[in-house]
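Quick notes on the structure that follows.
Here the structure is a predicted model, which is why all the values come from computation and not from measurement. So that the names make sense, note that chain A is the first sequence line, chain B the second, and so on, each numbered from 1.
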Protein chains: 2
Amino acid sequence: MPTKYKGTPEEVQALDTYIKLQRATETSMSRTTAHLSNFDLTTSQFAVLEALYHLGTLSQRDLAEKLLKSTGNMSSVLKHIEKRGLISRERNENDNRYMRVCITGSGRTLIDSMFKEHVAGIVEEMSVLTSEEQAELARLCRKLGLRET
Amino acid sequence: MPTKYKGTPEEVQALDTYIKLQRATETSMSRTTAHLSNFDLTTSQFAVLEALYHLGTLSQRDLAEKLLKSTGNMSSVLKHIEKRGLISRERNENDNRYMRVCITGSGRTLIDSMFKEHVAGIVEEMSVLTSEEQAELARLCRKLGLRET
DNA sequence: ATAAAATAGTTAAACATTAAACGATTTAAT
DNA sequence: ATTAAATCGTTTAATGTTTAACTATTTTAT
């Protein structure tokens, strides 16, 4: 998907890499999250449940930081999965500003029932790349995302 | 950001690569589109304008395919930038099902005024990678996105 | 101790996004 | 020619998302 933009070779390469990164990520994420609708989960809801499942109780602030989302977004997403009984919330007794967000038994059961399938989809998605290519892609992403060595 | 998941080495590497790809893309896209708010443009609105600017008149269906979005989404995004006078729409005379979406003079002027800055931001973002690294990242993304050699 | 600053979470407004139902138009099948 | 199927765009419902204003709580400065 080379851009139509006429620029210096440096600009053309940066734009080309940029758009390919964007497209590949979009399509990869789309393919690997399509099955979530079978469990009536949105990608955001799944991300929250998965974080709580693997990391344990977190505050909404910590969740927002882990997931790169705003606190307002957390309020909204948590409201839905709380209503469905997949998570529970209570005030932190030591500091009443904080909420302690926990995954419930029901939420844990749901993740238990589908996480293997989820991982299998990701392994399948990544299997077009060799182990060495995956390592190199991870390295380049780390360098790009952190903007540091 | 290695996952907590205990799996086979293949699973661990796939998950690690997957999450790094997702995070790097999110942060890169976030950094390179932050300036759009200076022009009262959302990323979706900018994507539409940029496509029309560089590709010329397109139908809403074609726009949706280029941008990997639904036709319902196109209806919504186009409504906003049409109201603002940045694009115009008319029915295709040969086939009345189609809309012909054009960027207006006003829309063109807006993109003219900020596209160089946009490109500069992307070049700056990508500049943490050498030219060879960018080429390799593009290659890996192409392979991953298309799921073909 | 008290006032100011900082922090956590909620809410509202605005826009994005999709799926599904829908109406309008065109094409294909017979 | 008529019917059936396909295609394009719109709308609605539901959810996601951010920013900014807001409340409540805690911490800091004096």
Could you check how far [atom1] of [X] sits from [atom2] of [N], rounded to whole Å?
{"X": "A/Leu67", "N": "D/dG16", "atom1": "CG", "atom2": "P", "result": "12 Å"}
{"X": "B/Asn92", "N": "C/dT27", "atom1": "CG", "atom2": "C1'", "result": "15 Å"}
{"X": "A/Asn94", "N": "C/dT7", "atom1": "CG", "atom2": "P", "result": "19 Å"}
{"X": "A/Lys79", "N": "D/dT15", "atom1": "NZ", "atom2": "C1'", "result": "10 Å"}
{"X": "B/Leu49", "N": "C/dC15", "atom1": "CG", "atom2": "C1'", "result": "15 Å"}
{"X": "B/Met99", "N": "C/dA24", "atom1": "CE", "atom2": "C1'", "result": "13 Å"}
{"X": "A/Arg91", "N": "C/dA8", "atom1": "CZ", "atom2": "P", "result": "12 Å"}
{"X": "B/Arg61", "N": "D/dT10", "atom1": "CZ", "atom2": "C1'", "result": "13 Å"}

Practice problem: Nearest-nucleotide wise, let me know which of A/Gln45 and B/Ser59 is further upstream toward the 5' end of DNA chain D. | Solution: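 Per heavy-atom nearest nucleotide, the more 5' residue is B/Ser59.
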
Self-check item: Residue met sooner reading DNA chain D from 5', once B/Arg100 and A/Gly72 are mapped to nucleotides
Solution: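 The answer here is B/Arg100.
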
Nearest of [options] to any side-chain atom of [X]?
{"X": "B/Arg89", "options": "D/dT10, C/dA16, C/dG9", "answer": "D/dT10"}
{"X": "B/Gln60", "options": "D/dG9, C/dT26, C/dG9", "answer": "D/dG9"}
{"X": "B/Arg97", "options": "C/dT17, D/dT25, C/dT25", "answer": "C/dT25"}
{"X": "B/Asn73", "options": "D/dG9, C/dG9, C/dA16", "answer": "C/dA16"}
{"X": "A/Thr71", "options": "D/dG16, D/dT26, C/dG9", "answer": "C/dG9"}

Contact under 4.0 Å: [X] side-chain N or O vs [N] OP1/OP2:
{"X": "B/Ser75", "N": "D/dG9", "result": "no"}
{"X": "B/Ser44", "N": "C/dT17", "result": "yes"}
{"X": "A/Thr42", "N": "D/dG16", "result": "yes"}
{"X": "B/His80", "N": "C/dA14", "result": "no"}

Within the structure shown, what part of the strands sits under 4.0 Å from [X] by heavy-atom distance: base, sugar-phosphate, or nothing?
{"X": "B/Leu68", "result": "sugar-phosphate"}
{"X": "B/Asn96", "result": "sugar-phosphate"}
{"X": "A/Ser76", "result": "base"}

Quiz item: How are the rings of A/Tyr18 and B/His118 set relative to one another: parallel (under 30°), tilted (30 to 60°) or perpendicular (over 60°)?
Solution: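 Rings of A/Tyr18 and B/His118: perpendicular, as their planes differ by over 60°.
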
Quiz item: Is the side chain of B/Thr104 donor-acceptor paired with the backbone N or O of B/Leu86 at a distance under 3.5 Å, no angle test?
Solution: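 Looks like yes, one N/O pair under 3.5 Å.
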
Quiz item: Can a salt bridge be assigned to the pair A/Asp16 and A/Lys20 using a cut-off of 4.0 Å between side-chain N and carboxylate O?
Solution: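 Yes.
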
Self-check item: Side-chain ion pair, A/Arg139 and B/Glu133, N-O less than 4.0 Å
Solution: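 Salt bridge: yes.
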
Quiz item: Distance from B/Ile87 atom CD1 to B/Leu58 atom CG, nearest 0.5 Å?
Solution: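 The CD1 atom of B/Ile87 sits 11.5 Å away from the CG atom of B/Leu58.
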
Quiz item: Any cation-pi pair here, B/Arg91 with B/Tyr98, using under 6.0 Å and within 45°?
Solution: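 No, cation not above the ring by the 6.0 Å, 45° rule.
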
